[in-house]
Amino acid sequence: MLRNDLRNIAIIAHVDHGKTTLVDQMLKQSGTFRENQVVNERVMDSNDIERERGITILAKNTSIVYDGVKINIIDTPGHADFGGEVERVLKMVNGVILLVDAAEGPMPQTRFVLQKALELGHKIIIVVNKIDRPDARLNEVGDEVLELLMDLDASDEQLDSPILYCSGRDGTASYTPSDLGKDLVPLFDEILNYIPAPDVDTEGDMQYLVSSIDYNEYVGRIAIGRIERGVMKVNQEVTVGDYHQTKKEYRGKIVTMYQIEGLNRVPCDCAKAGDIVCISGLENITIGDTICDFGKFEAVPFVKISEPTVEMTFSVNDSPFAGREGKFVTSRHLRDRLFRELLKDVSLRVSETDSTDSFKVAGRGEMHLSILIENMRREGYELGVSTPRVLYKEIDGKLNEPVERLVIDVPENCVGSIMEKLGVRKGELQQMTPVGSRMRLEFLIPARGLFGYKSEFLTDTKGEGIMSSVFYGYQPYKGDIPRRNSGSLIAFETGTAITYGLYNAQERGELFITAGTPVYEGMVVGASPKAEDLVVNVCKKKHLTNTRASGSDDALRLIPPRILSLEDSLEFLADDELLEVTPKSIRIRKRTLSNTQRAKERAKLNG
């Protein structure tokens with residue numbers, strides 16, 4: 001049976017190409033909001049970190065009604081580190097809107113998400129967005145998208161996908177590049193005409209696939225997914241299991257059920273095949289589970305999520321300042337929080353270590369893990385984090401490492417320094433194409449070669465460069481890559497940083513702290529331009545004598561310090577250092593805090 005009253009679509013694109021802004025306009029123009037309702041920009045980016053950084057981290061569902069047809073829309077993340085979110089939600093839909101920036105064209109993540117959609121045989125509507133940009137290249141970008149489709153072995157039908165030209169910010173769409181359009185009606189019409197209505201069996205036994213999990217303190221886990229077959233009712237007895245048979249089937253009951261209307265979840269008593277619904281009442285439900293009529297279990301195949309490539313060790317904070325700022329400081333708190341994160345993040349892996357105080361956490365990339373750390377510190381956790389490490393694999397007896405496809409967009413005069421820096425990091429140039437007044441370089445580079453490169457890249461391109469990468473595959477080990485060529489400035493004793501001490505220390509390198517900052521022995525207070533570490537006494541006071549007055553301190557001029565963000569700190573970390581993360585502070589420290597102990601260890605190594 002064709003459900004002509006329903007369409008399920010996902011919006012996929014590279015980071016910052018305007019997905020969430022387009023969804024805003026679709027909600028506004030479909031009459032989801034009252035005319036006088038005050039609505040935030042990027043209304044779908046609901047959590048604080050998403051709003052601050054301007055990126056989507058979690059895939060979210062909404063729906064609109066156009067011409068009597070309900071259109072379920074899923075807004076997906078564009079950053080490669082959250083690709084696991086995109087992979088699984090594509091199982092819920094029958095077609096996708098592929099968004100491409102009119103100036104940048106297809107980028108690495110565009111390729112990644114498009115490939116997943118093509119593998120599932122989804123119909124695609126291509127939308128060239130931001131056509132009002134002064135540097136827009138409308139016709140060229142259209143050709144680039146078709147080239148990408150041919151590259152990815154799209155079927156003839158997929159190659160004939162309709163192309164629309166939009167301005168997500170202004171809420172306009174048209175069929176020709178020269179026409180700006182007045183509203184999004186062409187896009188709505190194309191969704192109804194081109195994206196197929198779900199072809200479902202509403203008479204058979206109920207079958208439902210869980211594609212996403214939400215968590216609520218009152219009702220526990222909430223499963224979000226599409227009913228594949230039959231009708232689902234509240235209070236229905238069901239059997240739950242999974243496709244890979246990693247757990248035993250068990251009996252459960254559906255306590256509440258919600259349909260998504262606009263931005264709200266509306267309770268309902270029953271829903272039929274094709275509908276996307278949220279249900280609660282099943283205690284151990286996880287992503288990839290199938291729910292069926294009781295006693296009639298039949299699993300739905302679930303996409304295998306790509307493996308993580310980067311790992312860090314999360315441990316209990318054991319610095320001299322531990323327990324001053326956080327609410328959750330013990331290994332039990334840390335363990336519970338990490339295993340709770342596994343319930344909703346399918347691309348994360350957490351494993352125990354020999355020590356009861358530390359856990360290995362593996363994810364898709366540095367950003368994936370840094371968002372988790374940021375969320376934890378905001379919730380009141382204190383923890384210590386090691387340097388990121390890549391996960392190697394042995395294939396045919398040879399050591400292989402993860403390789404990224406890196407695309408860099410820079411002004412022409414920066415190309416030389418980029419090539420030099422990436423050459424040292426074992427990057428191999430694949431392609432070089434001029435894009436307007438800029439150059440686009442495409443590299444294959446080991447994932448570990450990108451650690452710590454972002455800040456260097458922004459300095460080399462004076463902030464004008466754009467870089468993005470996506471996992472390419474495993475290749476034989478490429479050899480040693482220097483982690484960083486600078487040393488650390490390390491605090492000599494525990495106390496408070498004094499202007500006089502900082503004034504003497506700033507001649508040795510770049511400082512990370514200001515006067516009045518509490519420090520402890522072994523804490524990193526700056527970067528040394530030389531390769532070896534230096535111990536500095538930032539707590540040193542100016543001793544008073546008969547001839548020197550304390551007031552002459554005012555003449556000391558301090559160079560403003562470089563305040564490191566969480567990502568900057570992770571990039572800076574050396575192998576013998578840890579990052580101490582608390583709700584109010586981020587500090588870098590040596591694993592061995594005692595300066596004399598470290599000197600002995602160094603002598604032993606050299607001895």
Side-chain angles (χ1 to χ4, degrees), residues 12-15 17 76-88 90 98 100 104-120 144-145 147-154 303-311 346-349 362-369 388-396 398-410 418-419 421-433 439-454 457 465-481:
I12 58 174
H14 187 77
V15 65
H17 281 197
T76 64
H79 205 284
D81 285 13
F82 310 110
E85 290 278 321
V86 186
E87 284 179 63
R88 62 161 197 260
L90 288 176
L98 176 73
V100 183
E104 290 182 10
M107 295 289 273
Q109 183 67 1
T110 318
R111 184 187 197 94
F112 173 78
V113 289
L114 180 59
Q115 190 168 3
K116 299 290 172 195
L118 292 176
E119 282 168 14
L120 291 167
E144 283 171 18
V145 176
E147 274 173 38
L148 179 60
L149 282 167
M150 287 158 78
D151 237 16
L152 296 174
D153 293 332
V303 61
K304 192 176 183 304
I305 300 294
S306 305
E307 291 294 304
T309 54
V310 174
E311 180 184 77
V346 283
S347 10
L348 201 71
R349 301 278 181 280
R364 279 289 184 84
E366 274 184 293
M367 184 159 191
H368 185 192
L369 295 174
R389 305 176 294 276
V390 298
L391 294 168
Y392 297 104
K393 259 187 189 176
E394 199 161 297
I395 302 171
D396 301 333
K398 283 187 179 174
L399 186 66
N400 280 250
E401 64 175 328
V403 171
E404 303 265 321
R405 178 193 287 273
L406 172 71
V407 172
I408 285 181
D409 213 320
V410 289
I418 298 294
M419 303 273 267
K421 293 279 171 68
L422 290 178
V424 174
R425 291 165 178 270
K426 304 280 190 271
E428 295 169 11
L429 183 67
Q430 303 294 304
Q431 221 175 340
M432 188 168 169
T433 40
M439 289 301 269
R440 179 168 295 172
L441 313 171
E442 198 169 308
F443 291 87
L444 289 182
I445 183 167
R448 62 199 165 95
L450 289 174
F451 292 161
Y453 178 58
K454 187 123 194 234
F457 170 74
I466 300 166
M467 74 181 251
S468 52
S469 64
V470 67
F471 176 64
Y472 177 74
Y474 275 85
Q475 288 188 357
Y477 182 69
K478 308 273 185 199
D480 278 350
I481 297 174

[X] side, atom [atom1]; [Y] side, atom [atom2] - distance, nearest 0.5 Å:
X	Y	atom1	atom2	answer
L406	S468	CG	OG	7.0 Å
E147	L152	CD	CG	12.0 Å
L422	L441	CG	CG	8.5 Å
M467	K454	CE	NZ	6.5 Å
E401	I481	CD	CD1	6.0 Å
T309	K393	OG1	NZ	10.0 Å

Got a sec, which residues hit side chain to side chain contact (heavy atoms under 4.5 Å, CB included) with [X], two or more places apart in sequence or on another chain?
X	answer
A447	V390, P402, E404
L120	L90, K91, H122
V100	L98, P106, T110, V141, V145
I466	E104, M107, D409, R438

Y472: which residues meet the ring-ring contact (aromatic ring centres under 6.0 Å, His included) condition with it, sequence neighbours left out? none
Sequence neighbours left out, what passes ring-ring contact (aromatic ring centres under 6.0 Å, His included) with F451? Give chain and number order. none
Evaluate the side-chain contact (heavy atoms from CB on, under 4.5 Å) criterion for residues K426 and Y477: first the C-alpha distance (whole Å), next the side-chain angles of each, then the deciding distance (0.1 Å), finally the verdict. CA-CA 10 Å; K426 304 280 190 271; Y477 182 69; over 6 Å; no
Those residues that, when tested against E442, pass salt bridge (Lys or Arg N to Asp or Glu O under 4.0 Å) (two or more places apart): R405
For residues [X] and [Y], determine if any side-chain heavy atom of one lies less than 4.5 Å from a side-chain heavy atom of the other.
X	Y	value
L118	L149	yes
L444	Q475	yes
I408	R440	no

Least distance between heavy atoms, [X] atom then [Y] atom:
X	Y	value
H368	R364	ND1-N, 2.8 Å
F443	M419	CZ-SD, 4.0 Å
P308	G363	CB-O, 3.3 Å
V310	G365	CG2-CA, 4.0 Å
I12	A117	CD1-CB, 4.3 Å

Give the ring-plane orientation class for F457 versus Y453, where under 30° counts as parallel, over 60° as perpendicular and anything between as tilted. tilted
By side-chain hydrogen bond (donor to acceptor under 3.5 Å, both in side chains) - contacts of N400 (at least two apart): none
By side-chain hydrogen bond (donor to acceptor under 3.5 Å, both in side chains), K421 pairs with (sequence neighbours left out) D460
Decide yes or no on side-chain contact (heavy atoms from CB on, under 4.5 Å) for V407 and S469, but give the supporting numbers first. CA-CA 6 Å; V407 172; S469 64; over 6 Å; no
Sub-6.0 Å ring centroid separation between Y474 and F471: yes
Salt bridge (charged side-chain N to carboxylate O under 4.0 Å, His left out): pairs with one or both residues in residues 466-481, sequence neighbours excluded: E428-K478
